[in-house]
**Q** 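I'd like to ask you about the structure that follows.
Scope of the values below: all heavy atoms of this structure, side chains included, with no hydrogens, waters or symmetry mates.
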Amino acid sequence: QIPSSIWFRDFYDKVTSPSWPAEYRPVEVLQYPGETVYVPAGWPHLVLNLELTVAVTHNYASEYGPFFEKMWKEVAQDERHFALRWHSGLMKSGREDLARKAPREMME
């Protein structure tokens with residue numbers, strides 16, 4: 001992953017140029033105060049704030065579908081200490097079923 005500012009500096013002109021395939025051009029949204037933007041699970045995205053901004057984000061790991069396992073894999077690889085606490089919390093809350101989808105060996 002790279003910071004949004006670097007992506008805009010190094011890649012924006014290329015992916016918005018007429019020579020870039022139309023089906024792969026990014027969707028651009030200019031969000032105004034009070035508006036909400038929904039980004040579906042699994043969609044790559046980036047944000048560039050144009051002025052001082054307060055953002056509230058929420059990542060939702062549904063136990064249904066492939067997204068829980070995908071999120072678990074990413075967390076286990078990138079944020080091992082958080083993954084350990086998350087796994088422990090699943091076990092303590094009686095969600096052994098989800099803990100089985102989140103194998104501890106992925107954190108090692």
Side-chain angles (χ1 to χ4, degrees):
Q1 293 185 9
I2 60 172
S4 298
S5 58
I6 302 301
W7 185 90
F8 274 100
R9 184 193 70 198
D10 295 349
F11 300 104
Y12 179 79
D13 288 341
K14 181 177 183 177
V15 302
T16 58
S17 73
S19 64
W20 192 259
E23 65 269 24
Y24 299 117
R25 287 196 191 121
V27 174
E28 295 185 71
V29 176
L30 182 56
Q31 181 182 12
Y32 291 95
E35 294 182 334
T36 301
V37 175
Y38 170 75
V39 179
W43 277 33
H45 66 284
L46 57 95
V47 176
L48 179 64
N49 297 315
L50 302 177
E51 55 188 57
L52 183 61
T53 304
V54 174
V56 177
T57 65
H58 177 73
N59 291 319
Y60 177 70
S62 173
E63 64 186 278
Y64 306 104
F67 296 114
F68 180 85
E69 288 89 348
K70 182 179 184 215
M71 182 176 280
W72 173 257
K73 182 178 179 182
E74 290 176 9
V75 169
Q77 290 174 350
D78 298 340
E79 301 180 54
R80 184 175 180 276
H81 295 294
F82 175 74
L84 287 167
R85 292 192 315 273
W86 187 10
H87 192 274
S88 177
L90 289 172
M91 295 299 289
K92 287 178 184 176
S93 67
R95 293 306 308 261
E96 292 88 1
D97 59 320
L98 286 179
R100 283 191 296 276
K101 291 182 176 184
R104 288 181 59 94
E105 57 268 10
M106 287 185 115
M107 295 178 279
E108 298 167 357

**Q** Once the angle between the rings of Phe68 and Trp86 is folded into 0 to 90°, is it parallel (under 30°), tilted (30 to 60°) or perpendicular (over 60°)?
**A**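 It falls in the perpendicular class, over 60°.
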**Q** Would you say Phe8 and Val39 are hydrophobically clustered, going by side-chain heavy atoms of ILVMFWY under 4.5 Å?
**A**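 No: no chain of side-chain contacts under 4.5 Å links Phe8 to Val39.
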**Q** Hey, could you give me the CD/CD distance between Glu69 and Glu63, rounded to the nearest 0.5 Å?
**A** 10.5 Å
**Q** Test of understanding: clusters of I, L, V, M, F, W, Y form through side-chain heavy atoms closer than 4.5 Å, transitively. Do Val47 and Leu50 belong to the same one?
**A**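 Different clusters.
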**Q** Hey, is the main chain of Leu48 close enough, under 3.5 Å, to the side chain of Ser4 for a donor-acceptor pair?
**A** no
**Q** Show your working on side chain to side chain contact (heavy atoms under 4.5 Å, CB included) between Val37 and His45 and close with a plain yes or no.
**A** CA-CA 11 Å; Val37 175; His45 66 284; over 6 Å; no
**Q** Could you check whether any side-chain heavy atom of Val29 comes within less than 4.5 Å of a side-chain heavy atom of Glu35, counting everything from C-beta outward?
**A** no
**Q** Find the distance between CZ (Arg25) and OG (Ser17) and round it off to the nearest 0.5 Å.
**A**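 Reported value, rounded in 0.5 Å steps: 7.0 Å.
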**Q** Mind checking the OG1-OH spacing from Thr36 to Tyr38? Nearest 0.5 Å is all I need.
**A**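 Going from OG1 on Thr36 over to OH on Tyr38, the span is 13.0 Å.
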**Q** State whether the side chain of Trp20 and the backbone N or O of Tyr24 hold a donor-acceptor pair below 3.5 Å, judged by distance alone.
**A**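 Side chain of Trp20 to backbone of Tyr24, a donor-acceptor pair under 3.5 Å: yes, one is there.
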**Q** Got more than 12 heavy atoms from elsewhere within 6.0 Å of NZ, Lys101?
**A**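 Yes - once you tally the heavy atoms of other residues, nucleotides and ligands closer than 6.0 Å, there are more than 12.
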**Q** For Ala102 and His87, which heavy atoms make the closest approach, and how far apart are they?
**A** O-CD2, 2.8 Å
**Q** To the nearest 0.5 Å, how far apart are CD in Glu79 and CZ in Arg85?
**A** 9.0 Å
**Q** Specify the closest pair of heavy atoms between Asp97 and Arg95, including all atoms of both residues, with the distance to one decimal.
**A**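 Smallest interatomic distance, heavy atoms only, reads OD2-NH2, 2.8 Å.
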**Q** Working to the nearest 0.5 angstrom, can you tell me the gap between Leu46 CG and Phe11 CZ?
**A** 11.0 Å
**Q** Looking only at heavy atoms, which two atoms of Ala76 and Ala83 are closest? And how far apart?
**A**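 Heavy atoms only, the tightest pair is CA-CB, 3.8 Å.
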